[in-house]
Amino acid sequence: MRTQVVIVGAGPSGLLLGQLLHKAGVEAIILERQSADYVLSRIRAGVLEQVTTDLLDEAGVGERMHREGLTHSGFEILNQGKRHRIDLKTLTGGQSVMVYGQTEVTRDLMQARSAANLPTVYGAQNVTLADFDSSKPRVTYEKDDQTHVIDCDFIAGCDGFHGVCRASVPRQAITEYEKVYPFGWLGLLSDTPPVCEELIYVNSSRGFALCSQRSRNRSRYYLQVPLTDRVEQWSDEAFWNELRLRLDDEGRAKLVTGPSIEKSIAPLRSFVTEPLRFGRLFLAGDAGHIVPPTGAKGLNLAATDVKYLSQALIEFYNDKTDAGINDYSQRCLRRIWRGERFSWWFTQLMHTFSDDGPIAAKFQQAELDYLLNSESGLRTMAENYVGLPLNFGEPTKG
Ligand code: RFL
Ligand code: PHB
């Protein structure tokens, strides 16, 4: 078998890349270890920046998102029982974010891919990469007890944090930066109306909480929990009781509870791989970097990687230039580090770090006091939350 690009992983990065390449007439095969249903059962991101929604439009899959997604022009910070609204629209000169679940983005991309009859192999086992340091890379995989070989020009590693692509790179060729946080997020999804029209990020002395949503009838809530907690220890009732304790009176009065339809614990990590290109192998999305979810940046950074990678590959085939390929890593990393910094900072600001002693909580409160009462502080938070412009920090041409 032969194709131009083998994409490993059918999460949002891989599917979006496949769609953008297809639009430009570049051939790709996607190899996914799991089944399509399994991929759709993972509950993850909920907030999309405008850069991401623009890209989904460009890929031709934005129609349902515009119909069903919720535009949010602000969010709330509930700090030690007192609410503050971050008015994104006013603070950023008219920008907002879109609340539309990653599951729905993935579903839309899957549907577009199957409508265009594009090849995706689900249940591809033991994917192995070879010769990506040459101009003739090869990918093998197993399915139904048979081994398949694909010759290609490029490999796109869109296989997430635990994937095979990053692991295939010789250790001496790669530098990894990592911070693991001393807590996780326990998430609960329920078919109940959200407690508030907008998201609420909660700093309470019992730990962080987040009130998010997927639609007007589906809520997503998170609680900061110790890393040693197991999801089985948390009954729905225990979750709702703890959330009530972290909310204010208004939140407690408005909270509608119900049975969970999904509950899971996610660890929090900051992680970046440098570089993101190794010969003819590229890493994109969670395969190359992870952010703690507090800033809602993971999927949005994945989308920009895919934008730059699709542009580079399309230019390679159409204009016979490898300039985009050579720039890929550096172009992505600049934006990634900005997203990493914001996500780390917002995590530090909102969570309880019990090992750091009482002075840490005092510093945190002093910082929140400054930010929430300073026009510049609020603007800094807002412009990072909606996403800095793609050309941020680049010299202006003229
Ligand atoms: P994914 O989604 O992990 O997909 C990778 C795919 O690769 C497959 N795979 C393999 N396939 C073949 N062979 C192998 N050896 C393979 N190994 C793995 C996997 O099965 C999978 O299907 O990575 P991708 O596509 O890069 O997408 C990244 C996003 O999923 C991630 O960044 C976001 O979910 C992060 N995130 C958020 N991002 C946002 O922008 N906004 C948010 O509001 C937001 N909230 C979140 C989040 C992540 C969370 N968790 C669970 C960490 C909230 C949470 C709780
Ligand atoms: C979510 O809805 O899953 C979500 C929203 C905002 C975040 C993180 C996760 O910052």
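Counting convention: from 1, in listed order, for ligands and their atoms alike. Keep in mind the model is a prediction, meaning the values are calculated, not measured. Counting from 1, the numbers follow the sequence of the chain as shown.
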> So if I apply the side chain to side chain contact (heavy atoms under 4.5 Å, CB included) rule between L313 and each of L20, L21, D153, N318, which one comes out positive?
L21
> Indicate, with yes or no, if L349 and Y201 share a hydrophobic cluster defined by side-chain heavy-atom contacts under 4.5 Å among Ile, Leu, Val, Met, Phe, Trp and Tyr.
yes
> Classify the contact between V99 and ligand 2 as side chain, backbone, both or neither, using a heavy-atom distance cut-off of under 4.0 Å.
neither
> Applying a strict 4.0 Å limit to heavy atoms, is G187 in contact with ligand 1?
no
> Looking at non-hydrogen atoms alone, which of R42, R44, R33 comes nearest to atom 22 (O) of ligand 1?
R42
> Heavy atom under 4.0 Å from ligand 2: found in W185's side chain, backbone, both, or neither?
side chain
> Checking the N or O distance criterion of under 3.5 Å, is ligand 1 in contact with G160?
no
> Any side-chain donor-acceptor pair under 3.5 Å between T294 and T347?
yes
> Can you name the atoms of ligand 2, numbered from 1 with element, that are less than 4.0 Å from a heavy atom of R44?
3 (O)
> If you measure every N or O of Q34 against every N or O of ligand 1, does any of those distances drop under 3.5 Å?
no
> Can a donor-acceptor pair be found between the side chains of S270 and Y181 at a distance below 3.5 Å?
yes
> Think R280 forms a cation-pi with F154, using NZ or CZ under 6.0 Å from the six-ring centre and within 45 degrees of its axis?
yes
> Which bit of Q102 gets closer than 4.0 Å to ligand 1, counting heavy atoms only: side chain, backbone, both or neither?
side chain
> Backbone, side chain, both or neither: what part of L48 comes under 4.0 angstrom of ligand 1, heavy atoms only?
neither
> Rounded to the nearest 0.5 Å, what separation is found between the CG atom of D108 and the CE atom of M65?
8.5 Å
> Exactly one of Y222, W185, F353 should register a ring pair (Phe, Tyr, Trp, His ring centres under 6.0 Å) with F208. Which one does?
W185
> Any N or O of N300 that comes nearer than 3.5 Å to an N or O of ligand 1?
yes
> Does the ring of F161 carry R166 above it, NZ/CZ under 6.0 angstrom from centre and within 45° of its axis?
yes
> Could you say whether the N/O atoms of G14 and ligand 1 ever approach to under 3.5 Å?
no
> Test your reading of the structure: does A287 have an N or O sitting under 3.5 Å from an N or O of ligand 1?
no
> Can we call the ring centroids of F282 and Y328 under 6.0 Å apart?
yes
> Short N/O distance, under 3.5 Å, between S212 and ligand 2?
yes
> Taking the six-membered ring for Trp, are F271 and H289 closer than 6.0 Å centroid to centroid?
no
> How does V127 reach ligand 1, if at all, at less than 4.0 Å between non-hydrogen atoms: by side chain, backbone, both, or neither?
side chain
> Where does A45 meet ligand 1, judged by heavy-atom distances below 4.0 Å: at the side chain, the backbone, both, or neither?
both
> Tell me the nearest of G387, A10, P12, G11 to atom 27 (O) of ligand 1, using heavy-atom distances.
P12
> Any N or O on Y201 sitting closer than 3.5 Å to an N or O of ligand 2?
yes
> Considering heavy atoms of the protein only, find what lies nearest to atom 24 (P) of ligand 1 and give residue, atom and distance to 0.1 Å.
S13 OG, 3.2 Å
> Near T294, which atoms of ligand 2 are under 4.0 Å from a heavy atom of that residue?
10 (O)
> Within 45 degrees of the ring normal and closer than 6.0 Å to the centroid, is that where the cationic atom of K143 sits relative to Y122?
no
> Record the part of Y141 in heavy-atom contact with ligand 1 below 4.0 Å; permitted values are side chain, backbone, both and neither.
neither
> Would P293 count as being in polar contact with ligand 2, using the rule that some N or O on each side must be under 3.5 angstrom apart?
yes
> Under 3.5 Å, N or O to N or O, is Y222 touching ligand 2 that way?
yes
> Please evaluate residues W337 and Y177 with respect to the criterion ring pair (Phe, Tyr, Trp, His ring centres under 6.0 Å), reporting the C-alpha separation (whole Å), side-chain torsions for both, the decisive distance (0.1 Å), and the verdict.
CA-CA 11 Å; W337 277 115; Y177 299 88; 5.6 Å; yes
> Please tell me whether Y385 and F75 form a close aromatic pair, meaning their ring centres lie under 6.0 Å apart.
yes
> When rounded to the nearest 0.5 angstrom, what distance separates CG in L56 from CD in E63?
13.0 Å
> So which bit of S264 gets within less than 4.0 Å of ligand 1, heavy atoms only: side chain, backbone, both or neither?
neither
> Any nitrogen or oxygen of A296, main chain or side chain, under 3.5 Å from a nitrogen or oxygen of ligand 1?
yes
> Can you find an N/O atom of Q213 closer than 3.5 Å to an N/O atom of ligand 2?
no
